[in-house]
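These notes are about the structure you will find just below.
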Amino acid sequence: MPRFKSLTLAATLSFAAAVAPACAQSADPAWLDVLSNQLAIEHACAVEYYLNTKEGELAGRRTYEARAQCRDGRQFDAALTEPETEFTIKECGVQVC
């Protein structure tokens, strides 16, 4: 029985570790609201969800990156490096290698 409990505990901890990052991203940062508004205005994109959101720092300036999935299926990559106030947005297209 102790071995079974150890395996169950290990499986539970593994599942919790995998779910924790997803839960941590559930509270959208304010910059995603700004990006959603910019996408709606410039590209008529109603954002369904974001992929690969990243915040960082480059040469002492804050950076923000995300891929947006629109309700109509289009995807956009967006990036901003402060002190810029608007995101650079590029539509993701089909790539042929």
Can you tell me how far OG1 of T53 sits from CG of L35, rounded to the nearest 0.5 angstrom?
10.5 Å
So how far is it from L51 CG to Y49 OH, rounded to the nearest 0.5 Å?
5.5 Å
Shortest non-hydrogen contact between P83 and R61, atoms and distance
CD-NH1, 3.9 Å
Exercise: identify the closest heavy-atom pair between Y50 and A68:
CE2-CB, 3.7 Å
Is it true that the side chains of Y64 and T81 contain a donor and an acceptor less than 3.5 Å apart?
no
Separation between OG1 (T63) and CH2 (W31), nearest 0.5 Å, reads 9.0 Å
Looking only at heavy atoms, what is the nearest atom pair of I89 and E42, with distance?
CD1-OE1, 4.1 Å
Rounded to the nearest 0.5 Å, the SG atom of C70 sits from the CD atom of E91 at a distance of 8.0 Å
For the pair R67 and D77, find out whether any cationic side-chain nitrogen is under 4.0 Å from an anionic carboxylate oxygen.
yes
CD on E65 to CD on E55, rounded to 0.5 Å
11.0 Å
Whether the Q75 and Q69 side chains hold a donor-acceptor pair (N or O, under 3.5 Å, no angle test) is what I'd like checked.
yes
Here the gap from E82 atom CD to L58 atom CG, rounded to the nearest 0.5 Å, amounts to 12.0 Å
